[in-house]
Amino acid sequence: MGCLSTFSLLSLLSLSILLIPTATQPAVALPLSTDSRWIVDETGRRVKLACVNWVSHLEVVVAEGLSKQPMGSIAKQIGSMGFNCVRLTWPLYLATNESLASLTVRQSFIGLGLYGSISGIQVNNPSIIDLPLINAYQAVVSSLADNNIMVILDNHISTPGWCCGNFDGNGFFGDQYFNPDLWINGLTRMATMFRATPNVVGMSLRNELRGNKQNVNDWYRYMQKGAEAVHAANPEVLVIVSGLNYDKDFSFLLKRPINLTFTGKLVFEVHWYAFSDGPAWRTGNANQVCGQVVDNTMRKAGFVLDQGYPLFVSEFGVDLRGTNVNDNRYLNCFLGVAAELDLDWALWTLVGSYYLREGVIGLDEVYGIFNWNWCDARNSSFLDKISAIQSPFQGPGLAEVKRHKVIFHPSTGLCLIRKSLLEPLKLGPCTESESWSYTQQKTLTIKGTYFCLETDGLDKPAVLSIMCTDPTSKWEQISDSKMHLSSKLENGTAVCLDIDSSTNAIITSACKCLQRDNMCDPGSQWFKLVDSTMSTGAITFGWFRSVLEYLTRNAWKPTSLAVLA
């Protein structure tokens with residue numbers, strides 16, 4: 001049944017809020033290409049991929065959720081949630097097995113005994129019920145195009161089904177279901193099929209290479225062939241290449257670069273989940289684990305940014321019920337890195353529930369942005385948290401103002417803001433942040449003024465001051481995570497920037513969770529200094545009036561205002 005049949009009034013109101021359009025983004029001039037580590041449009045302006053994964057590679061080989069909602073409604077909600085692209089998965093056999101590709105949607109569901117899903121699709125998407133599977137896939141891409149959503153085609157697996165395991169026969173070239181020649185043929189067919197489809201901006205060659213057949217020589221041999229085949233068939237798309245060990249390792253590129261005949265289209269992709277490191281985030285000290293995991297990720301994959309290639313985190317995600325400590329601590333660390341490096345990314349997953357996954361009909365997906373019936377956001381606060389990284393902080397064509405810092409708080413997805421000197425520093429949208437500079441003297445100063453951030457006492461609000469040479473105005477980036485901003489009180493006691501949870505005000509409190517303790521969550525004290533060239537909160541006449549009032553209250557001469565400006 002469709003969503004409206006089970007909606008309460010509250011659900012309807014929630015959906016209406018969900019569908020309020022986000023801030024209008026500049027139109028993207030397709031196709032996309034690369035400019036050093038950035039993805040850019042045809043005008044040379046940076047385009048940040050803020051994607052969500054939409055699963056279409058399971059046994060049914062139909063994009064999930066189409067029995068719950070019209071595809072156009074889903075596509076519209078993807079945009080309203082702030083995503084500008086979809087990583088749409090597909091199994092290799094959809095492009096290489098004519099019997100599978102020509103099977104109709106109805107026949108596919110009947111073959112799996114999913115009669116309830118057939119009824120749902122007849123209600124919500126009747127136009128596809130008797131289409132061949134490959135045409136139904138094209139219809140989803142078309143619907144996303146109608147809603148200005150870019151698409152990355154991701155060859156997720158060979159045989160339709162859940163991914164991934166070391167021994168599922170789909171892991172590496174030469175495995176039971178992974179014939180390299182057939183794979184190249186499939187890539188060529190998909191690239192050709194969507195050659196005249198402008199919103200298909202990229203093709204991800206293969207998801208999560210793995211298993212005991214992994215080796216570097218075959219990686220170079222076949223990945224280079226696959227990349228060349230895609231580019232030859234469709235030179236407009238980005239060619240997105242995965243690494244080894246479940247897409248976590250590109251370290252071999254340090255000694256031997258990939259060798260391709262084309263330029264300006266190559267992107268590397270990496271995956272990063274909490275469970276990749278077992279229970280470390282829960283059993284270890286979060287600061288130390290964050291430092292270790294980030295160092296390892298940069299050593300194995302992040303270095304490609306310095307080599308002049310974009311790095312696309314094509315899968316990350318968490319249990320959106322909010323009760324998984326391992327995931328929650330990882331997410332704060334990830335968001336800090338994603339903001340600092342201004343990475344392109346794709347969240348796992350859009351899917352609220354599956355037609356059939358691993359033998360379970362209607363399995364609830366706790367990583368899914370949608371809830372089980374695909375009607376509401378599973379966790380609206382999570383959407384708020386990731387909203388800041390959905391927009392670029394910097395890149396070609398985005399130099400609206402001089403480079404500066406914003407002070408980003410990963411746990412909330414917000415930044416330090418201040419509308420006047422008479423109000424406390426608080427957290428707010430990063431688009432309203434002050435422009436900060438971090439000086440060689442380790443002061444945090446609002447650009448264009450002489451005001452710096454200062455600690456005013458233990459568990460008291462942080463303040464702005466023009467006395468910027470005292471120890472109380474020096475801020476060190478301490479702890480293994482490099483996300484504690486620490487200063488010293490007049491008596492020499494170290495304090496860290498923190499959040500007053502009751503007022504959302506910025507305070508300084510005793511530094512916590514720096515090491516060893518695995519029961520402590522440092523999230524409230526984690527801040528990231530992020531480079532930006534995007535305009536933020538302007539210094540208005542009202543702001544200057546508050547400066548004058550501040551100076552008057554503190555017995556400064558009003559003529560000092562000109563100096564401060």
Side-chain angles (χ1 to χ4, degrees), residues 20-30 32-51 79-85 148 150 305 310-313 334-347 383-420 425-439 444-449 451 453 483 485 506 526-540 542-543:
I20 293 173
T22 55
T24 301
Q25 296 294 321
V28 176
L30 301 174
L32 302 183
S33 58
T34 64
D35 179 358
S36 185
R37 61 145 295 186
W38 308 108
I39 294 170
V40 298
D41 69 9
E42 200 168 30
T43 70
R45 181 182 177 89
R46 196 277 172 93
V47 175
K48 183 171 186 174
L49 298 179
C51 312
S80 75
M81 293 177 187
F83 301 104
N84 63 8
C85 91
N148 298 312
M150 296 178 287
L305 295 170
L311 182 63
F312 175 42
V313 185
F334 172 82
L335 291 177
V337 175
E340 180 184 33
L341 298 179
D342 205 4
L343 294 169
D344 300 276
W345 50 266
L347 176 73
L383 289 173
D384 294 336
K385 183 180 287 194
I386 65 171
S387 63
I389 65 167
Q390 288 178 317
S391 298
F393 288 102
Q394 56 181 318
L398 302 181
E400 298 178 357
V401 295
K402 291 183 178 179
R403 185 177 300 276
H404 59 276
K405 304 281 187 185
V406 296
I407 304 176
F408 177 65
H409 188 245
S411 182
T412 59
L414 301 173
C415 289
L416 257 67
I417 65 170
R418 178 132 198 185
K419 296 186 176 179
S420 81
L425 286 161
K426 288 190 174 183
L427 291 176
C430 292
T431 52
E432 299 177 13
S433 169
E434 277 78 14
S435 299
W436 298 86
S437 62
Y438 187 54
T439 69
L444 281 164
T445 305
I446 297 179
K447 291 181 75 73
T449 78
F451 283 103
L453 186 66
M483 284 199 281
L485 288 172
I506 306 298
W526 274 0
F527 293 85
K528 203 65 156 172
L529 300 180
V530 176
D531 285 333
S532 177
T533 58
M534 300 296 288
S535 60
T536 54
I539 299 179
T540 63
W543 197 93

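Just so you know, these numbers use all the heavy atoms, side chains as well, and skip hydrogens, waters and symmetry mates. This structure is a prediction, so every number in the text was calculated from the model and none was measured.
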State which residues pass side-chain contact (heavy atoms from CB on, under 4.5 Å) with [X]; sequence neighbours excluded, sorted by chain then number.
X      : result
Ala388 : Phe408, Cys430
Thr439 : Ser437, Gln441, Thr443, Thr445
Ala399 : none

Item to check | Gap separating the CG atom of Leu49 from the CG atom of Leu343, nearest 0.5 angstrom | outcome: 11.0 Å
Item to check | Phe83 CZ to Gln390 CD distance, which is reported to the nearest 0.5 Å | outcome: 5.5 Å
[X]: partners by side-chain hydrogen bond (donor to acceptor under 3.5 Å, both in side chains), with sequence neighbours left out:
X      : value
Asp384 : none
Thr412 : His409
Lys426 : none
Arg46  : Asp342

Next on the checklist: Set out, in order, the CA-CA distance, both residues' side-chain angles and the distance that settles side chain to side chain contact (heavy atoms under 4.5 Å, CB included) for Leu416 and Ser433, then state yes or no.
Outcome noted: CA-CA 6 Å; Leu416 257 67; Ser433 169; 5.5 Å; no
Item to check | Trp38: partners by ring-ring contact (aromatic ring centres under 6.0 Å, His included), with sequence neighbours left out | outcome: none
Checklist entry - Does any N or O in the side chain of Lys385 come within less than 3.5 Å of the main-chain N or O of Pro410, such that one atom is a donor and the other an acceptor? => result no
Item to check | Test salt bridge (Lys or Arg N to Asp or Glu O under 4.0 Å) applied to Glu340 and Lys528, step by step | outcome: CA-CA 7 Å; Glu340 180 184 33; Lys528 203 65 156 172; 3.3 Å; yes
Checklist entry - Taking only residues two or more places apart in sequence, or in another chain, which ones meet Asp531 in a salt bridge (Lys or Arg N to Asp or Glu O under 4.0 Å)? => result Lys405
Next on the checklist: I'd like to check Ser391 versus Met534 (side-chain heavy atoms, cut-off strictly below 4.5 Å). Are they in contact?
Outcome noted: no
Checklist entry - Taking C-beta and beyond as the side chain, do Trp436 and Ile446 meet within less than 4.5 Å on heavy atoms? => result yes
Next on the checklist: Quick check on side-chain contact (heavy atoms from CB on, under 4.5 Å): which of Ile417, Leu427, Ile407 does Ile506 satisfy it with?
Outcome noted: Leu427
Checklist entry - Any idea which heavy atoms bring Cys51 and Asn84 closest together, and the distance? => result N-OD1, 4.5 Å
Checklist entry - Does anything in residues 388-403 pair up under salt bridge (charged side-chain N to carboxylate O under 4.0 Å, His left out), and if so which pairs, sequence neighbours excluded? => result none
Next on the checklist: Using side chain to side chain contact (heavy atoms under 4.5 Å, CB included), reason through Leu453 and Leu485 one step at a time and then give a plain yes or no.
Outcome noted: CA-CA 11 Å; Leu453 186 66; Leu485 288 172; 6.0 Å; no
Item to check | Test log, rule side chain to side chain contact (heavy atoms under 4.5 Å, CB included), inputs Lys48 and Ile389 | outcome: CA-CA 9 Å; Lys48 183 171 186 174; Ile389 65 167; 4.1 Å; yes
